[in-house]
Amino acid sequence: FFIFFLRRNEWSAFWFAMLVTIAFVRTLMVGERLFYQAFPDFPLVLGYKIEYLDFIPLTTVFLLFLYNLDRIPMHGKIVKVYAMITAVECLLVSFTSVYFFSSLLPLFIVVMIAGLIIALAFMINLMRKQQGYKLLFVVSCFVIIAAVNDVLYSLQIINTFFFAHYVFALLLLAQSYILASRFSKS
């Protein structure tokens, strides 16, 4: 958030900080479940809602980050529609039972994968215009593969392990590189 506070017109820095925040919350809530170890009496229903509300807007925040790197008007319209869909998903999680919203997980995953495909299209466009985006594209491909793996693993279709949060760390490093190279030119 510090870059954004220093350069209020750099919304890409704000959305990058939001991605880091989401990654931090996700690390606390999923996997080793560090949050639940620190607060064992925390209501499990509320914990599930937080996990979903951390997972669902992730792709939207990533799309907002990419959009603010380039600001193509058509991309803005696509991001707005995707953000509205994400808002509806978040409202469903916030105001329905765990049983109901967890039954919608396959739908949430389809929406997330569609968003990641849109993100790849945005990155292909960025690669044509500027240097440094090939790294982001390659790492994002790994993130998509990891996301599909995690979904298949959670549905017990394949026997691997959750590794999207590890690959997500690589994505954050690639985005850090892009932001640093962008600010070094200005």
Side-chain angles (χ1 to χ4, degrees), residues 1-5 12-66 82-83 85-116 119 135-136 138-180:
F1 290 104
F2 295 116
I3 295 172
F4 177 71
F5 290 136
S12 59
F14 173 80
W15 293 113
F16 176 72
M18 291 300 295
L19 282 169
V20 171
T21 303
I22 289 171
F24 176 72
V25 171
R26 190 119 189 103
T27 301
L28 290 176
M29 302 298 287
V30 180
E32 298 296 321
R33 299 183 167 265
L34 300 173
F35 184 83
Y36 294 112
Q37 290 176 11
F39 303 100
D41 295 330
F42 190 77
L44 196 57
V45 170
L46 185 57
Y48 282 135
K49 287 185 183 257
I50 292 170
E51 287 178 31
Y52 272 71
L53 291 173
D54 184 59
F55 153 74
I56 291 171
L58 182 64
T59 307
T60 302
V61 173
F62 184 52
L63 286 171
L64 285 162
F65 169 75
L66 292 173
Y82 192 84
I85 293 168
T86 301
V88 169
E89 291 177 338
C90 288
L91 288 171
L92 285 170
V93 169
S94 297
F95 298 110
T96 62
S97 70
V98 172
Y99 177 78
F100 179 76
F101 72 74
S102 63
S103 70
L104 298 176
L105 181 62
L107 174 66
F108 296 157
I109 291 167
V110 167
V111 171
M112 179 196 74
I113 290 172
L116 291 172
L135 172 66
L136 183 63
V138 170
V139 172
S140 295
C141 288
F142 284 120
V143 168
I144 291 171
I145 292 167
V148 170
N149 169 77
D150 286 7
V151 168
L152 294 175
Y153 176 70
S154 69
L155 296 174
Q156 298 178 346
I157 295 173
I158 60 174
N159 188 19
T160 57
F161 61 94
F162 289 115
F163 68 89
H165 52 284
Y166 299 114
V167 178
F168 189 68
L170 292 175
L171 179 67
L172 293 178
L173 289 173
Q175 290 171 334
S176 297
Y177 169 77
I178 287 171
L179 284 175

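It should be emphasised that the depicted structure is a prediction, and the values quoted were computed from it without experimental measurement. Numbers here simply count residues along the sequence, with the first being 1.
For residues 38-57, the pairs satisfying ring-ring contact (aromatic ring centres under 6.0 Å, His included) are F35-F39, F35-F42, Y52-F101, with sequence neighbours left out.
Across all non-hydrogen atoms, the minimal contact from T59 to L116 is CG2-N, 3.6 Å. A pairwise comparison of heavy atoms in C90 and I56 identifies SG-CG2, 3.9 Å as the closest pair.
When the side-chain contact (heavy atoms from CB on, under 4.5 Å) test is applied to A146, the partners found at least two apart in sequence or on another chain are F163, A164, V167. Take E89 and apply the salt bridge (Lys or Arg N to Asp or Glu O under 4.0 Å) test, not counting sequence neighbours, and it matches no residue.
With hydrogens and angles ignored, the 3.5 Å screen pairs no side-chain donor or acceptor of N149 with any backbone N or O of T160.
Residue L53 holds its CG atom at 10.5 Å from CD1 of I22, rounded to the nearest 0.5 Å. From L104, atom CG reaches atom OH of Y99 across 11.0 Å, with rounding to the nearest 0.5 Å. Atom CG of L58 sits about 6.0 Å away from atom CG of L19, to the nearest 0.5 Å. Atom CG of L44 sits about 12.0 Å away from atom NZ of K49, to the nearest 0.5 Å.
Only one option out of F14, W15, F16 pairs with V61 in a side chain to side chain contact (heavy atoms under 4.5 Å, CB included); it is W15.
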Trace of the side chain to side chain contact (heavy atoms under 4.5 Å, CB included) decision for T96 with L91: CA-CA 8 Å; T96 62; L91 288 171; over 6 Å; no
L170 and F142: CA distance, side-chain angles, deciding distance, side chain to side chain contact (heavy atoms under 4.5 Å, CB included) verdict: CA-CA 9 Å; L170 292 175; F142 284 120; 5.9 Å; no
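Counting heavy atoms of neighbouring residues, nucleotides and ligands inside a 6.0 Å radius, atom CZ of F24 does not exceed 12 of them.
Considering only heavy atoms from C-beta on, I109 comes within 4.5 Å of L105 through its side chain.
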